[in-house]
Asks: 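Please read through the structure below; I'll follow up with questions.
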Amino acid sequence: MTMKKALFPLAMAVLLTVSCHNQQPAQENNSDNTPMLRRQLPGDSARYGLACDGTTDSILVFLPYSADRLDTFDIIEAHQQHRIYGRPHIGDEVAVIVNPEDTVEALMVINVESLRGTWCYMVSPTIRNIENMPKRMQQRMLEKTPDSLRKQWFTPREYSLRLKTDQTAIAYGGMRRQTTTDDMTPVEFPAVRRYTEWHLYNGRLILKADTISGFTKEGEQPVTDTVSIRLLLEDSLVLQFPDHEQSYYRKPNQE
């Protein structure tokens with residue numbers, strides 16, 4: 001691939017950003033807030049582009065990354081059905097699910113710009129092997145433990161998931177390796193799935209784990225979770241995983 005071809009997607013993204021910001025200067029390309037042409041998964045019917053001037057709570061003025069024309073979508077029904085995830089602002093990258101029976105209506109809008117960033121949640125430990133321990137023994141163990149040590153053991157930890165512009169993901173929390181000190185405590189924290197990549201697919205979030213190493217420790221193929229977005233606000237995110245719902249709060253990125 002020539003250098004000219006390699007730079008074309010970034011140049012196009014900058015031009016689109018300038019267009020939808022009414023000729024305001026574009027941000028630097030290495031910023032996590034800079035829209036970029038997305039690697040769209042095969043079978044993904046969503047449309048990706050920028051929210052433009054004229055967008056309100058009832059209509060979305062949309063410039064697709066193809067840059068062939070401006071579209072205007074009716075989003076009243078999507079608002080009423082709570083399927084606007086992150087209020088679109090001028091210049092934000094958005095994903096749009098269009099009604100196949102009415103191509104001027106958007107069934108869902110996701111503010112991709114708002115989805116990016118570092119999302120955190122607090123995790124409390126549980127008593128180790130609690131399923132094999134009688135409740136009386138649990139109670140007796142806690143009663144004999146000094147308050148200072150109990151406070152140390154049961155202090156919650158912050159877990160986080162960072163969704164980056166280049167569609168890589170970073171998950172923090174838990175312990176990568178079990179230590180002797182960990183084995184000596186009567187409590188344990190849940191393991192965190194080490195997501196390394198994320199994509200949107202038909203309005204849902206795809207999270208992939210262990211995509212760098214290629215295989216899990218058990219030698220199996222990388223794990224993929226398909227997650228539904230339940231809520232997306234400026235500082236709040238709720239995701240519905242296959243087996244649980246997780247709420248997050250936004251934390252400023254720390255480079």
Side-chain angles (χ1 to χ4, degrees), residues 9 12-22 24 26-27 32-117 119 163-167 169 198-207 225-241 245-248 250:
M12 179 63 71
V14 172
L15 288 174
L16 294 179
T17 306
V18 173
S19 172
C20 284
H21 275 85
N22 294 328
Q24 294 179 8
Q27 297 175 336
D32 269 3
N33 295 321
T34 303
M36 64 182 296
L37 293 184
R38 161 172 306 280
R39 290 176 289 149
Q40 193 162 347
L41 296 178
D44 184 6
S45 62
R47 299 184 60 190
Y48 298 92
L50 304 179
C52 293
D53 191 17
T55 296
T56 67
D57 288 339
S58 58
I59 63 171
L60 170 67
V61 180
F62 176 79
L63 178 64
Y65 279 144
S66 60
D68 51 357
R69 67 182 187 280
L70 278 175
D71 289 320
T72 300
F73 295 111
D74 180 345
I75 59 174
I76 295 177
E77 181 70 15
H79 262 296
Q80 294 175 345
Q81 297 298 322
H82 305 289
R83 291 182 176 175
I84 303 293
Y85 300 107
R87 182 176 181 180
H89 298 284
I90 298 173
D92 286 349
E93 181 185 2
V94 294
V96 181
I97 302 295
V98 180
N99 186 347
E101 299 179 356
D102 185 356
T103 56
V104 298
E105 180 184 44
L107 299 177
M108 180 188 297
V109 177
I110 300 174
N111 188 329
V112 185
E113 207 76 22
S114 295
L115 186 60
R116 297 188 185 107
W119 297 98
L163 305 177
K164 302 182 68 175
T165 301
D166 60 3
Q167 294 177 245
W198 71 280
H199 298 272
L200 287 176
Y201 182 80
N202 291 328
R204 304 184 77 184
L205 179 62
I206 305 295
L207 296 171
D225 284 335
T226 301
V227 183
S228 296
I229 302 172
R230 297 300 186 194
L231 176 72
L232 176 58
L233 301 175
E234 183 177 348
D235 57 358
S236 302
L237 173 67
V238 178
L239 298 178
Q240 180 64 58
F241 286 80
E245 185 176 271
Q246 184 62 59
S247 298
Y248 300 81
R250 186 185 293 278

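The first residue of the sequence shown is numbered 1, and numbering continues consecutively from there.
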Asks: Can you list every salt bridge (charged side-chain N to carboxylate O under 4.0 Å, His left out) pair that touches residues 228-238, not counting sequence neighbours?
Replies: none

Asks: For Arg204, give me all partners under side-chain contact (heavy atoms from CB on, under 4.5 Å), at least two apart in sequence or on another chain.
Replies: Thr226, Ser228

Asks: Report all side-chain donor-acceptor pairs from residues 70-81 shorter than 3.5 Å, counting only partners two or more places apart or in another chain.
Replies:
unit_1, atom_1, unit_2, atom_2, d
Asp71, OD1, Arg69, NE, 2.9
Asp71, OD2, Arg47, NH1, 3.1
Asp71, OD2, Arg47, NH2, 2.8
Asp74, OD1, Ile76, N, 2.9
Glu77, OE2, Gln81, NE2, 3.2
His79, NE2, Asp57, O, 3.0

Asks: CD/Glu245 to CG/Leu231 distance, rounded to the nearest 0.5 angstrom?
Replies: 9.0 Å

Asks: Quick one, Leu200 with Leu205, criterion side-chain contact (heavy atoms from CB on, under 4.5 Å). Give me CA distance, side-chain angles, the key distance, then yes/no.
Replies: CA-CA 5 Å; Leu200 287 176; Leu205 179 62; 4.2 Å; yes

Asks: What I'd like to find out is whether the side chain of Ile229 reaches to under 4.5 Å of the side chain of Leu115, using heavy atoms alone.
Replies: yes

Asks: Checking Ser236 now: which residues fulfil side chain to side chain donor-acceptor pair (under 3.5 Å) with it, not counting sequence neighbours?
Replies: none

Asks: To the closest 0.5 Å, what do you measure between OG1 (Thr55) and CZ (Phe62)?
Replies: 10.5 Å

Asks: For Arg87, I'd like to know if atom CZ has over 12 heavy atoms of other residues, nucleotides or ligands within 6.0 Å.
Replies: no

Asks: Has the side chain of Asp92 got a donor or acceptor atom that lies under 3.5 Å from a matching backbone atom of His89?
Replies: yes

Asks: Within the side chain of Asn111, is there an N or O that forms a donor-acceptor pair under 3.5 Å with the backbone of Tyr85?
Replies: no

Asks: Show the atom names and distances, to 0.1 Å, of all donor-acceptor pairs under 3.5 Å that link a side chain in residues 99-110 to residues at least two apart or in another chain.
Replies:
unit_1, atom_1, unit_2, atom_2, d
Asn99, OD1, Glu101, N, 3.0
Asn99, ND2, Glu105, OE1, 2.7
Asp102, OD1, Val104, N, 3.4

Asks: With rounding to the nearest 0.5 Å, note down the distance linking CG in Leu163 to CG in Leu237.
Replies: 8.0 Å

Asks: Considering all heavy atoms of both residues, which atom of Ala95 and which atom of Tyr48 are nearest to each other, and what is their separation?
Replies: CB-CE2, 3.4 Å

Asks: Do Trp198 side-chain atoms and Lys164 backbone N/O form a donor-acceptor pair below 3.5 Å?
Replies: yes

Asks: Identify the two heavy atoms, one from Val94 and one from Pro88, that lie closest to each other, and give their separation to 0.1 Å.
Replies: CG1-CB, 4.1 Å

Asks: Could you pull out the closest heavy-atom pair between Cys52 and Leu63, with the gap in Å?
Replies: SG-CB, 3.6 Å

Asks: Looking at every heavy atom in both Gly43 and Asn202, which two are closest together, and how far apart are they?
Replies: O-ND2, 3.4 Å

Asks: For Phe241, enumerate each residue passing the side-chain contact (heavy atoms from CB on, under 4.5 Å) test, keeping only those at least two apart in sequence or located in another chain.
Replies: Tyr195, Leu207, Asp225, Val227, Leu239, Asp243, His244, Gln246, Tyr248

